[in-house]
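Protein chains get the first letters and strands the later ones, always in sequence-line order, with residue 1 at the start of each.
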There are 2 protein chains.
Amino acid sequence: MVDALRQGQYRITPQRLAILKVLAESKGHPSVESIFEQVKPNFPTTSLATIYKNVAVLKELGQVLELGFSDGSNRYDGKKPWDHPHVVCTVCKKILDPDIAALEDMTQELARVTGFTITRHRLDFFGICPDCQNKK
Amino acid sequence: MVDALRQGQYRITPQRLAILKVLAESKGHPSVESIFEQVKPNFPTTSLATIYKNVAVLKELGQVLELGFSDGSNRYDGKKPWDHPHVVCTVCKKILDPDIAALEDMTQELARVTGFTITRHRLDFFGICPDCQNKK
DNA sequence: CTCCCTGCAAACTATTTGCACCGTC
DNA sequence: GACGGTGCAAATAGTTTGCAGGGAG
């Protein structure tokens, strides 16, 4: 990930490393705000603008995947920066990355039915996770 | 659709009728701006705020489906106001509503693998439509 | 006649930009 | 030492809200 930056002619600054670290290590799908919160302890002067700028750079390099939701929230995925389905718990906001065999079938069926050449996709399923179902 | 408004204790104003008409008749998936443009000729004093307010009402009543995209654009669907997949042409911005048999399989596979109770989904595929492929 | 609705403008929020200083290379 | 990056504050864009007057019921 650091190599990707170097090869892109970008400088390695401490702030950048800190942002990378959050994206690479967090199990979940952090928001800009949440990255900000995690970087601030180490670099108290860091501003939100810096997070935005660097996330944009990483997005450009294909190192993170941006997930914009209709409620205005933006989440980022530094673990699997390519198109993949998401399952979102509408109660606790947890996001899972399931492996779905039927996806390939579906894409091919789509191409056949519509005549489109499919290049990207964005699949989100919403529901209630096992944990939240039990808490009822 | 008008009945839905009436039963929801909402008043039938000319502006509302005009907005309904655009949503019900347009083949595509109009944006707020595009609804605005189509309503303006009949009601030149109409403001964007009115469109937003009424679209929100219709969304609440389940009469339209809101499609927010990550590029900030919002489109609305008054023809099929329920969850269904979309195929978006990245060249001409056309949106299709394909019928996909594999969707049901996929949802069941998801529920089985993750333990989630799936309640809603949002599936968008991006690619190039036949028309735009030929224009190359 | 009562309210809800409209339309204007102002408020809001998330993101982006301009610019002076700083630190990497 | 040059120049890209940072951090602050101000600008921006899309959407929402407050309020006064108007029209539906």
Side-chain angles (χ1 to χ4, degrees), chain A residues 1-23 29-61 63-64 66-76 93, chain B residues 1-23 29-61 63-64 66-76 93:
Chain A
M1 217 162 169
V2 177
D3 286 345
L5 274 183
R6 255 197 274 271
Q7 286 168 29
Q9 304 284 298
Y10 292 101
R11 291 184 182 169
I12 313 298
T13 62
Q15 292 90 335
R16 256 174 202 169
L17 282 175
I19 295 171
L20 283 196
K21 205 175 173 198
V22 172
L23 284 167
H29 301 69
S31 65
V32 173
E33 286 291 342
S34 127
I35 297 172
F36 184 49
E37 294 305 326
Q38 292 177 65
V39 169
K40 201 152 46 171
N42 303 321
F43 299 89
T45 62
T46 304
S47 72
L48 267 174
T50 300
I51 314 284
Y52 279 112
K53 285 171 190 166
N54 283 313
V55 166
V57 166
L58 291 167
K59 200 172 36 169
E60 196 125 350
L61 290 174
Q63 298 298 301
V64 298
E66 187 181 50
L67 300 175
F69 291 100
S70 40
D71 66 358
S73 68
N74 271 317
R75 309 286 215 92
Y76 294 88
K93 309 301 176 197
Chain B
M1 217 163 170
V2 177
D3 286 345
L5 274 182
R6 254 196 276 270
Q7 285 167 30
Q9 304 285 298
Y10 291 102
R11 291 182 182 169
I12 313 298
T13 62
Q15 292 88 335
R16 256 174 202 167
L17 282 176
I19 295 171
L20 283 195
K21 205 175 173 196
V22 173
L23 284 166
H29 300 71
S31 65
V32 173
E33 285 291 341
S34 126
I35 297 173
F36 184 49
E37 294 304 326
Q38 292 178 65
V39 169
K40 200 152 49 171
N42 303 322
F43 298 90
T45 62
T46 305
S47 72
L48 267 173
T50 300
I51 314 284
Y52 280 111
K53 284 172 190 165
N54 284 311
V55 166
V57 166
L58 290 167
K59 198 171 40 168
E60 196 125 350
L61 289 173
Q63 297 299 300
V64 297
E66 186 181 51
L67 300 176
F69 291 100
S70 40
D71 65 357
S73 69
N74 271 317
R75 308 285 215 92
Y76 295 88
K93 308 301 177 199

message: Any heavy-atom pair between the side chains of A:V39 and A:Q15 that's under 4.5 Å?
response: no
task: Using five base pairs at each end, measure the axis-to-axis angle across the helix from C:dC1-D:dG25 to C:dC25-D:dG1 and round it to 10 degrees.
output: 40°
Just list the side-chain donor-acceptor pairs under 3.5 Å for residues 40-51 of chain B, sequence neighbours left out, or say none.
{"unit_1": "B:T46", "atom_1": "OG1", "unit_2": "B:F43", "atom_2": "O", "d": "2.8"}
{"unit_1": "B:S47", "atom_1": "OG", "unit_2": "B:T50", "atom_2": "OG1", "d": "3.4"}

message: Within the 4.5 Å heavy-atom criterion, are B:Q7 and B:D3 side-chain neighbours or not?
response: yes
task: State whether the number of non-hydrogen atoms from other residues, nucleotides or ligands found under 6.0 Å of A:E60 atom CD is greater than 12.
output: no
field: Presence of A:N74 side-chain N/O under 4.0 Å of C:dA14 phosphate oxygens OP1/OP2
entry: no
task: Identify, with sequence neighbours excluded, every residue that meets side chain to side chain donor-acceptor pair (under 3.5 Å) alongside B:S34.
output: B:Q38
task: Could you tell me whether a side-chain N or O of B:R75 sits under 3.5 Å from a main-chain N or O of B:S31, the two making a donor and an acceptor?
output: no
- prompt: Which residues within residues 33-58 of chain B lie with some heavy atom under 4.0 Å of an atom in DNA chain C?
  reply: B:T45, B:T46, B:S47, B:A49, B:T50, B:K53, B:N54
field: side chain to side chain donor-acceptor pair (under 3.5 Å) involving A:R16 - partner list, sequence neighbours excluded
entry: A:N54
task: Would you kindly give the CD-to-C1' distance between A:E66 and C:dT16, to the nearest whole Å?
output: 13 Å
- prompt: Can you tell if the side chain of B:Y76 reaches within under 4.5 Å of the side chain of B:L67, non-hydrogen atoms only?
  reply: no
- prompt: Just how far, in rounded Å, is C1' of C:dT16 from CD of A:E60?
  reply: 15 Å
- prompt: What pair of heavy atoms forms the shortest contact from B:A4 to B:L61, and how long is it?
  reply: O-CD1, 3.9 Å
Between C:dT15 (P) and A:R75 (CZ): distance, integer Å: 13 Å
task: May I ask you to test the B:T13-B:L17 pair for a side-chain heavy-atom distance under 4.5 Å?
output: no
- line: Here the residues of residues 7-18 of chain A within 4.0 Å heavy-atom distance, strictly under, of DNA chain C are A:R11, A:I12
field: Between P of C:dA14 and OH of A:Y76, the distance in whole Å
entry: 13 Å
message: For B:R6 and B:S73, find the nucleotide of DNA chain D closest to each by heavy atoms; which residue's nucleotide sits nearer the 5' end?
response: B:S73
Heavy-atom closest contact (A:N74 atom, A:G68 atom, distance): OD1-CA, 3.0 Å
statement: Whole-Å distance, A:D71 CG to C:dC12 P, equals 21 Å
